[in-house]
Amino acid sequence: MPASREVDPGADALVVGLDVGGTKTAVRAERADTVVVDTTVPSAEWTAEPVAEAAAWLHRIVQETVTDDGAGGTPAAIAVGAQGCDDEQHCVELGEALARLSGVPTVVTNDAALLLPAAGLARGVGVIAGTGSIAVAVTAGDGLMFAGGWGWVLGDEGSAPALVREGTRAVLRLHDSGGSDPLLTELLQAFHVPDPPRLARAVNDDPSVQNWVRGTVPLFRAAARVRSSPVTSSPPVPVHSPNWCCSCTDAARTPAPSWPPAR
């Protein structure tokens with residue numbers, strides 16, 4: 001975390017940290033190096049904007065898990081790493097809003113920026129690939145630089161929903177060209193649909209994490225089967241290729257169609 005936003009509440013003070021991801025939020029409170037609260041709550045209602053609503057959500061989580069907990073107490077300082085805080089000004093504004101609600105010093109940064117201090121580093125690049133994906137760098141001047149984090153509909157390469165999105169696209173392209181792949185069967189079962197056209201609708205009509213991640217386990221299961229029987233007719237797809245797919249190797253070698261498609 002940039003030094004300009006660090007606070008020192010004192011050795012015996014109760015300090016609270018929140019790691020807010022797209023799926024769950026980890027809450028930890030410590031006093032004198034002793035953990036007094038360590039819990040996880042769902043992030044289903046979390047959104048980083050508007051700032052006032054985001055601050056109110058964070059404040060409520062602290063109250064419910066720490067302040068109102070007999071083992072907790074009143075925090076002396078709060079630190080937050082939050083998904084969706086993707087520029088420095090946003091982090092500052094959210095920190096100030098949470099400080100007004102809580103009445104204690106508060107710092108907010110992107111959740112990927114938590115990786116560096118957790119590793120004992122002051123500078124470097126942190127990368128998260130979970131419900132979403134983003135890279136955050138802490139620069140020599142204590143500033144933050146961001147790459148990615150656009151959400152799973154547009155990007156978030158390497159995240160669970162994005163893997164399902166790309167896997168679904170690959171099997172549908174392969175199906176259109178007359179091919180087949182074990183992943184197609186897995187995804188049809190996961191989304192409870194009988195055929196590829198309905199699979200496309202099931203994925204496309206509900207672009208939510210809750211809907212898309214149901215294909216994650218089938219995707220890795222199909223990928224494991226293909227890995228155990230490697231394709232020998234053509235070279236492997238480089239992992240950095242924009243068209244890679246864990247199991248649909250043939251479809252992945254086909255360039256993605258232009259948009260809008262020709263009719």
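Here, residue 1 is the first one in the sequence, and each next residue gets the next number. Side chains included, hydrogens not; waters and symmetry mates left out as well; all remaining heavy atoms used. Note that this is a predicted model, so its numbers are computed, not measured.
- Nearest heavy-atom pair across Thr168 and Val171 is O-CG2, 3.2 Å.
- Leu115 forms part of a hydrophobic cluster together with Ile128, judged by ILVMFWY side-chain heavy-atom separations under 4.5 Å.
- The closest donor-acceptor contact from the side chain of Arg123 to the backbone of Thr139 lies under 3.5 Å.
- His90 contributes a side-chain N or O that, together with a main-chain N or O of Ala48, makes up a donor-acceptor pair within less than 3.5 Å.
- Arg60 contributes atom CZ, which lies 12.5 Å from atom CG of Leu101 (distance to the nearest 0.5 angstrom).
- Scanning all heavy atoms of the two residues, the minimum distance from Val193 to Ala202 falls at CG1-CB, 4.0 Å.
- Side-chain N or O atoms of Thr25 include none that pairs as donor or acceptor with a backbone N or O of Ser43 at under 3.5 Å.
- When all heavy atoms are compared, the tightest approach of Pro196 to Leu172 is O-CD2, 3.6 Å.
- Across every non-hydrogen atom of Trp57 and Pro42, the tightest pair is CZ2-O, 3.8 Å.
- Cluster note: Val217 groups with no other residue, as no ILVMFWY side-chain heavy atom lies under 4.5 Å from it.
- Under the side chain to side chain contact (heavy atoms under 4.5 Å, CB included) rule, Ile61 has a single partner from Val16, Val27, Thr39, which is Val27.
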* **Criterion side-chain contact (heavy atoms from CB on, under 4.5 Å) on Thr109 and Leu144, from CA distance to verdict** => CA-CA 9 Å; Thr109 189; Leu144 297 178; 3.5 Å; yes

* Dump the intermediate steps for side-chain contact (heavy atoms from CB on, under 4.5 Å) on Val62 and Ser102, then the final yes or no. => CA-CA 9 Å; Val62 172; Ser102 64; over 6 Å; no

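- Among Asn211, Val213, Asp156, the single residue meeting the side chain to side chain contact (heavy atoms under 4.5 Å, CB included) criterion with Pro161 is Val213.
- Here the closest heavy-atom approach between residue Ala97 and residue Val51 is recorded as CB-CG1, 3.8 Å.
- At a threshold of 4.5 Å between non-hydrogen side-chain atoms, the residues Leu219 and Glu186 do not count as touching.
- A side-chain donor-acceptor contact under 3.5 Å links Asn110 to the backbone of Cys85.
- Under a 4.5 Å side-chain heavy-atom cut-off, the cluster of Ile, Leu, Val, Met, Phe, Trp and Tyr residues that includes Val127 is completed by Val125.
- Distance check: Leu58 CG to Leu94 CG gives 5.5 Å after rounding to the nearest 0.5 Å.
- A distance of 11.5 Å separates CD1 in Ile134 from OG in Ser159, rounded to the nearest 0.5 Å.
- Salt-bridge annotation for Asp195 and Arg198: present, with a side-chain N of the basic residue lying under 4.0 Å from a carboxylate O of the acidic one.
- A distance of 7.5 Å separates CH2 of Trp212 from CG of Asn204, quoted to the nearest 0.5 Å.
- Going from atom CG of Asp87 over to atom CE of Met145 covers 13.5 Å, rounded to the nearest 0.5 Å.
- No side-chain heavy atom of Leu116 sits under 4.5 Å from any side-chain heavy atom of Val136.
- Here the CD atom belonging to Glu93 is positioned 8.5 Å from the CD atom belonging to Glu49, to the nearest 0.5 angstrom.
- In plain terms, the two heavy atoms of Ala160 and Thr216 that are nearest each other are CB-OG1, 3.9 Å.
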